[in-house]
Novice: 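Sharing a structure here in structure tokens format.
Here is how names work: the chains are called A, B, and so on, in the same order as the sequence lines, proteins then strands, and each is numbered from 1.
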Amino acid sequence: MDKLYSVSWRMRCLFLVLAVLVPPIRMVGWAYYEPSLPQTMLVFGPGVRFHLNGLWALMVTGQRLDDVHGMLTAGQHFALVLTAGLPAGVSSYAFVLLAQLFGFYARAQVFTIDTVHIIRRLGWALVTMALVAPLYSFASTAIASWTAALGVSRAEVGFEAGDLTTLIGGVIVLVMAWVMNEARRLQDEVNLTI
Amino acid sequence: MPIRIELDVMLARRKVTSKQLAEAVGITPVNLSILKTGKARAIRLSTLAAICRVLDCQPGDVLRYEPGEDFDPEDG
């Protein structure tokens with residue numbers, strides 16, 4: 001029980017930190033991300049550039065923009081920051097749900113109606129993230145290319161393999177929530193049979 | 001739950017406390033409380049038989065059907 005408490009409490013703290021940090025990191029990332037430069041490059045000022053790779057690049061921008069010519073204007077950066085708020089908000093919501101879930105686990109409440117509701121909401125958050133992805137890619141590509149010459153500017157609507165994985169993952173989590181609810185009801189039947 | 005288990009009247013008539021009933025029936029006082037407060041989902045026939053034996057009564061003396069009570073759809 002002590003181990004359940006300690007592990008659950010640590011996970012709760014981790015997800016609370018991610019819920020607070022990821023949205024501003026994502027939005028600040030878009031304030032300085034220059035997609036026209038090689039790889040993921042954040043430009044903080046003349047001669048002040050910072051290259052990110054791997055997981056850091058994914059966390060900061062969440063999406064790569066290809067075929068962007070030239071540096072982005074301040075207006076474009078601002079618009080990209082605002083559009084990044086949508087997926088960042090959904091991610092933050094998912095992290096808050098995970099923090100709540102592990103809070104219940106820390107109190108040894110595993111198969112309860114509250115944890116079932118949280119897991120169900122988490123499933124819907126994942127499905128929402130996947131369905132919002134095409135809107136986000138449309139908005140971000142349109143914004144990134146709105147200063148380009150006629151015939152060069154474009155808006156992409158994409159649904160990538162990662163989005164499909166998120167969608168399938170969300171559906172699986174919803175099914176798991178249903179299974180957990182059935183298990184909870186069976187356990188209640190056993191516990192409340194005198 | 002439309003079926004309610006009402007022990008208070010029989011307990012008073014037989015001058016038996018809840019704790020004594022629980023011990024005699026072989027269930028915990030917590031479980032007896034669950035029965036009395038209507039939170040139980042089911043009762044084993046063996047438990048019902050033990051209650052009737054201790055209180056010297058019939059099942060109908062402690063069971064009551066109240067139509068019209070709604071089930072919680074979450075609980076089935």
Novice: Crowded around A/Arg10 CZ? As in, over 12 foreign heavy atoms under 6.0 Å?
Specialist: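 At most 12 heavy atoms, drawn from other residues, nucleotides or ligands, come within 6.0 Å of this atom.
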Novice: Looking at OG1 of A/Thr193 and CZ of B/Arg44, how far apart are the two atoms once the value is rounded to the nearest 0.5 Å?
Specialist: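 Taking OG1 in A/Thr193 and CZ in B/Arg44, the distance rounds to 6.0 Å.
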Novice: What closest approach, in Å, do A/Leu192 and B/Lys39 show between heavy atoms, and which atom pair accounts for it?
Specialist: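 The answer is CD1-O, 3.5 Å.
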Novice: What part of B/Ile34 is in contact with chain A, defined as an atom under 4.5 angstrom from a non-hydrogen atom: side chain, backbone, both or neither?
Specialist: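 Interface part for B/Ile34: side chain.
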Novice: Within a reach of under 6.0 Å around CZ of B/Arg14, are more than 12 heavy atoms found that belong to other residues, nucleotides or ligands?
Specialist: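 Yes, enclosed.
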Novice: I'd like to know if A/Val110 and A/Phe15 are part of one continuous hydrophobic network [Ile/Leu/Val/Met/Phe/Trp/Tyr, side-chain heavy atoms within less than 4.5 Å].
Specialist: yes
Novice: What about B/Leu63 and B/Met10, same hydrophobic cluster or not, with Ile/Leu/Val/Met/Phe/Trp/Tyr joined at side-chain heavy-atom distances under 4.5 Å?
Specialist: yes
Novice: Tell me whether B/Thr47 contacts the main-chain N or O of A/Ile194 through its side chain, where contact means a donor paired with an acceptor under 3.5 Å.
Specialist: yes
